[in-house]
Amino acid sequence: MNNKSTVDEIRERFDNDVERFSSIDTGQVSTIDAQISLEIITESAKRIVPGANRLLDVGCGAGNYTLKMLSKIQNLECTLLDLSKPMLDKAHERVTPATANVVKTLQSDVRTAQLPEDYFDIILAGAVLHHLRDDNDWEYVFNKLYKLLKNNGCLMISDLVTQDSAVLTNYTWECYENYLNKIAGKEYARKVLAYVEKEDTPRSINYQMELMKKAGFRNIEILHKNVCFAAFAGIK
Ligand SMILES: C[S@@+](CC[C@H](N)C(=O)[O-])C[C@H]1O[C@@H](n2cnc3c(N)ncnc32)[C@H](O)[C@@H]1O
């Protein structure tokens, strides 16, 4: 794990990738079922908290998840959190015309972000938690996100995941490589998998659901899974 990207390296990488992430089609081309997961987690959030007022988008990138959420619940107060300032600027530019409510931005690591507790109705975490590193990081962030939510609020996650058995994790990476080969060729597959190797430390759905239980979430739901990508949720 020691040769994995640092937080600064991750920030720098995303600072230079804003345009790609400014469209759900191009930003998530390497994510299997990106649009299906986005639709499911935002529609589920709407059904869990129909009267939601305050949204937090963790690792908001250029704002795709918030924009989709606003297409389902209008005029949410939006808090956009990201490591990358250029991503936040782009997200602010895109989200502001989509809500009549306040749009706040916070450039921070989710681990250290100063945010109000018992405040948010919906927290979205799209393709971001796989950047967390060791067990302490993961447990700390799940506890923190739980505390930021109001009662009956929900944490909606869409992310790269592993399996609990190494043999099946290897199998899903193999399937993923075949998928990438098919959509854009061998060189593209090599590049994406090299990024994953350098930058990401994903965990299984079971691992994350255990942490959610421990944090206190009363309901934990798997919403979608295809190979090494999954969408799941916790309700406080
Ligand atoms: C793969 S992009 C996904 C962006 C957006 N959620 C989407 O799906 O379009 C991941 C984003 O998370 C941000 N990020 C990575 N690690 C983070 C951390 N520890 N705290 C806050 N943001 C982080 C990156 O800067 C990047 O903008």
Side-chain angles (χ1 to χ4, degrees), residues 10-11 13-14 17-46 48-49 52 54-73 76 78-84 86-88 90-92 94-95 98-99 103 105-111 113 115 120-132 138 141-142 144-145 148-149 153-162 192 195-196 199-203 205 208 212 221-234:
I10 293 172
R11 177 188 306 111
R13 211 264 282 178
F14 284 105
D17 221 354
V18 174
E19 277 319 307
R20 186 163 68 89
F21 278 94
S22 299
S23 147
I24 191 67
D25 298 327
T26 53
Q28 299 286 6
V29 104
S30 60
T31 301
I32 300 173
D33 289 354
Q35 309 220 13
I36 294 171
S37 288
L38 179 58
E39 170 61 27
I40 290 175
I41 68 168
T42 50
E43 184 61 29
S44 301
K46 175 183 153 186
I48 296 165
V49 204
R54 294 175 182 147
L55 167 72
L56 170 64
D57 188 344
V58 177
C60 65
N64 289 330
Y65 274 63
T66 291
L67 287 171
K68 186 73 174 181
M69 197 66 247
L70 284 168
S71 74
K72 294 182 179 284
I73 303 181
L76 289 161
C78 300
T79 302
L80 309 170
L81 166 70
D82 205 283
L83 281 178
S84 160
M87 281 288 190
L88 278 174
K90 184 52 120 181
H92 188 264
R94 295 172 78 214
V95 169
T99 178
V103 180
T105 55
L106 179 59
Q107 186 190 4
S108 176
D109 186 331
V110 62
R111 301 167 184 91
L115 289 160
F120 297 100
D121 299 294
I122 299 171
I123 299 179
L124 303 177
V128 61
L129 297 181
H130 64 261
H131 291 115
L132 298 174
W138 280 90
V141 168
F142 274 102
K144 177 171 183 164
L145 296 179
L148 300 181
L149 282 172
C154 57
L155 168 62
M156 313 301 294
I157 299 169
S158 168
D159 214 345
L160 182 67
V161 294
T162 53
V192 172
Y195 265 131
V196 171
E199 204 170 84
D200 303 339
T201 38
R203 298 295 176 101
I205 305 181
Q208 296 181 63
M212 281 199 245
E221 302 277 4
I222 299 175
L223 299 167
H224 185 70
K225 181 172 186 299
N226 192 347
V227 185
C228 52
F229 291 91
F232 46 104

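All heavy atoms count here, side chains included; hydrogens, waters and symmetry mates do not.
The side-chain heavy atoms of L149 and D121, taken from C-beta on, include no pair separated by under 4.5 Å. Counting only heavy atoms from C-beta outward, the side chains of T66 and R94 never approach each other to under 4.5 Å. Taking the side chain as every heavy atom from C-beta outward, V128 and V110 never approach each other to under 4.5 Å. Contact check for L70 versus V95: side-chain heavy atoms found under the 4.5 Å cut-off. At a threshold of 4.5 Å between non-hydrogen side-chain atoms, the residues L124 and K68 do not count as touching. Using a 4.5 Å cut-off on side-chain heavy atoms (C-beta onward), E221 and M156 make no contact. No side-chain heavy atom of D57 sits less than 4.5 Å from a side-chain heavy atom of T79. Put simply, the side chain of L129 reaches to within 4.5 Å of the side chain of Q208, judged on heavy atoms.
Centroid-to-centroid, the aromatic rings of F14 and H131 come within less than 6.0 Å.
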- request: Start with the C-alpha distance between E39 and K72, add both sets of side-chain angles, then the distance that settles salt bridge (Lys or Arg N to Asp or Glu O under 4.0 Å), and finish with yes or no.
  value: CA-CA 10 Å; E39 170 61 27; K72 294 182 179 284; 2.9 Å; yes

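Residues A91 and G61 share a closest heavy-atom pair of CB-O, 3.4 Å. For L106 against A113, the heavy-atom pair with the smallest separation is CD2-CB, 3.9 Å. Here the closest non-hydrogen pair linking P202 and L160 is CB-O, 3.5 Å. A pairwise comparison of heavy atoms in D33 and H224 identifies OD2-NE2, 2.7 Å as the closest pair. Residues I157 and F142 come closest through the heavy atom pair CD1-CE2, 3.6 Å.
Side chain of S22 to backbone of A62: no donor-acceptor contact under 3.5 angstrom is found. Proximity of a side-chain donor or acceptor of K46 to a complementary backbone N or O of M69 within less than 3.5 Å is not detected. No donor-acceptor pair closer than 3.5 Å links the side chain of D82 to the backbone N or O of L88.
To the nearest 0.5 Å, atoms SG (C154) and CD1 (I123) are separated by 8.5 Å. Taking CZ of F21 as the reference point, atom OG of S84 lies at 10.5 Å (rounded to 0.5 Å). Atom CD1 of I41 is separated from atom CG of D159 by 10.0 Å, given to the nearest 0.5 angstrom. Rounding to the nearest 0.5 angstrom, the gap separating the CG atom in L56 from the CG atom in L145 is 7.5 Å.
A donor and an acceptor atom, one from each side chain of Y65 and S158, are located under 3.5 Å apart.
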